[in-house]
Amino acid sequence: MATETTAAEGSSLVFHPMDQFIVKPLFGDGAVGMFTITNVTLWLFLAIVAIVLLLIWPTSKRAIVPTRMQSVAELAYGFIYKMLEDICGKEGVKYFPYVMTLFMFIVCANFLGMIPMSFTTTSHFAVTIPLALAVFLTVTVLGFVKNGAGFLSLFWVSSAPLALRPILAIIELISYFVRPVSHSIRLAGNVMAGHAVIKVFAGFAAIAAISPVSVLAITAMYGLEVLVSFIQAYVFTILTCVYLKDALHPHH
Amino acid sequence: MATEPVNEEVAGSCVDAGGSAIGMPQLCFDWFPNQIFWLVITLVVIFLVLSRVALPRIAAILAERKGTITNDLAAAEDLKAKAVEAEEAYNKALADARAEAQRIAAEARAEIQSGLDDAIAKADAEIAAKAAESEKAIAEIRAGALESIQLVAKDTAAELVTALGGEADAKAIDSAVDAQMKG
């Protein structure tokens, strides 16, 4: 990417598709330390504000007949609650605030990232890896606490022929440890790719002859990205539910 | 990494002198602690906000709505039962009134009938009395007439016998007339 950038420098065609992901301090020009207030801080904070505006502000009247915004809050609640209950059963409902936190954060961060010139926090592995690791560790700890050594039966596929079981156990074990990797990279990768592609199309807009096509392409990509924003949040959440189910009921 | 950053402290190893990203900013580990730190704070805040305020509130709203709907349905059921009851009461009152009307009509009819019967019986009795009286009168008249006929017949017989030049035997004529009358 760096070579491309330097090659394009000087001409009107400049591609900096990854610049939108740069972390920089909000105040001053210092280095980015651990506690520096950066654009990451700002957009994470805006995600909190968005959640408050979505879930708390519209429900403050506690209307029996909901307003539109209250309906949205209730729908979000019902959507995740039902998903969790369908997948994990009644025992899973205990972890609803946790799952709801993940979903609301990801969906708000994704959609805030769709605002032009914004910073997309969920496009960073530094954000999605801790999220996925948290789920992985929670599920693993919960599995052993709830089932003791019985949690290991998750890897011992009792429905398979006995001779195949050790091989399957190895495969299951590998797939289990790959979970946080795929879980985090799926989210960050999708979001990052979409945003970078939009930026590339935007770079082409500098050429007058191509710019109408470029604008169309950006519009189309934007629509796709809106879809991806929601779907990736949904996928992350539903996978969290599935992993939780494994912890609660490890027997296939 | 192609160009040396002008200000190492400002740009760091992930941004070049022009302020553009070198490679993927996602893989710039210099920024990881900052992002993770703020992410953890954000997640904790969101978790607290959701679990303390938002979710209990929405759960309460949904429960309240469910309760209200259940109550309203129960009330509707109640009102429906009451309506059915009222209709039954109305129908019963209607049937009662009809029965009462019928009873009154029957009573009136019976009264009229009995009055009529009495009147008819009285009239019958009067008619019977009158008929008996008339019969008696007729019988008397008939008896009187019979006597008169005998008398007349006897007188006529005697006259006839006399006219024919015979001697009227009162006894013979009487017996002859009686015999004729009987025959």
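Atom set for the values below is all heavy atoms of this structure, side chains included, hydrogens, waters and symmetry mates excluded. Chain letters run A, B, ... following the sequence lines, proteins first, then strands; residues in each count from 1.
Pairing each heavy atom of B:A21 with each of A:I22, the nearest pair is N-CD1, 3.5 Å. Residues B:L39 and A:A126 come closest through the heavy atom pair CD2-O, 4.2 Å. Shown here for B:I36 and A:P130, the closest heavy-atom pair between the two residues is CG1-CG, 3.9 Å.
Interatomic distance, A:L55 CG to B:L55 CG, rounded to the nearest 0.5 Å: 7.0 Å. Between the CZ atom of B:F37 and the OG1 atom of A:T41 there is a distance of 8.5 Å, given to the nearest 0.5 Å. Separation of atoms CG (B:N34) and CZ (A:F35) is listed at 9.5 Å; rounding is to 0.5 Å. For the atom pair NE2 (A:H124) and CG (B:L27), the distance works out to 10.0 Å, reported to the nearest 0.5 Å. Rounding to the nearest 0.5 Å places CD1 of A:I56 at 12.5 Å from CZ of B:R52. One distance of note links CD1 of B:I58 with OG1 of A:T59; it measures 5.0 Å at 0.5 Å rounding.
Contacts with chain A were tallied for B:S51, B:A60, B:P33; B:P33 has the most, counting heavy-atom pairs under 4.5 Å. Chain B forms the most heavy-atom pairs under 4.5 Å with one residue out of A:V40, A:I51, A:V23, and that residue is A:V23. Among A:Y98, A:F125, A:F96, the residue making the largest number of heavy-atom pairs under 4.5 Å with chain B is A:F125.
With a 4.5 angstrom heavy-atom cutoff, B:L43 touches chain A via backbone and side-chain atoms both. Of the two parts of B:L62, only the side chain, counted from C-beta on, holds a non-hydrogen atom closer than 4.5 Å to a non-hydrogen atom of chain A. Contact annotation for A:A134: neither backbone nor side-chain heavy atoms come within less than 4.5 Å of a heavy atom of chain B. With a 4.5 Å cut-off on non-hydrogen atoms, A:L54 does not touch chain B at all. Of the atoms belonging to A:T121, not a single heavy atom falls under 4.5 Å from chain B. In this structure, chain B has no heavy atom under 4.5 Å from any part of A:Q20.
In A:K245, the NZ atom is not crowded: 12 or fewer heavy atoms of neighbouring residues, nucleotides or ligands sit closer than 6.0 Å. With a 6.0 Å radius and a threshold of 12 heavy atoms from other residues, nucleotides or ligands, B:R103 has its CZ atom above the threshold.
Proximity of A:F21 to B:M24: side-chain heavy atoms (C-beta onward) are nowhere separated by under 4.5 Å. Between B:I46 and A:M100 there is no side-chain heavy-atom pair separated by less than 4.5 Å. Counting heavy atoms from C-beta outward, A:V32 and B:D30 have side chains that stay 4.5 Å or more apart. Two residues are said to be in side-chain contact when any heavy atoms from C-beta on lie closer than 4.5 Å; B:R65 and A:P66 meet this criterion. Looking only at side-chain heavy atoms (C-beta outward), A:F45 and B:V45 stay at 4.5 Å or farther from each other. Within the 4.5 Å cutoff, the side chain of B:L50 has no heavy atoms near those of the A:P97 side chain.
Looking only at distances, no side-chain donor or acceptor of B:W38 sits under 3.5 Å from a matching main-chain atom of A:W43.
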Yes or no on side-chain contact (heavy atoms from CB on, under 4.5 Å) for B:S20 and A:M18, after CA distance, side-chain angles and deciding distance? CA-CA 8 Å; B:S20 293; A:M18 304 309 273; over 6 Å; no
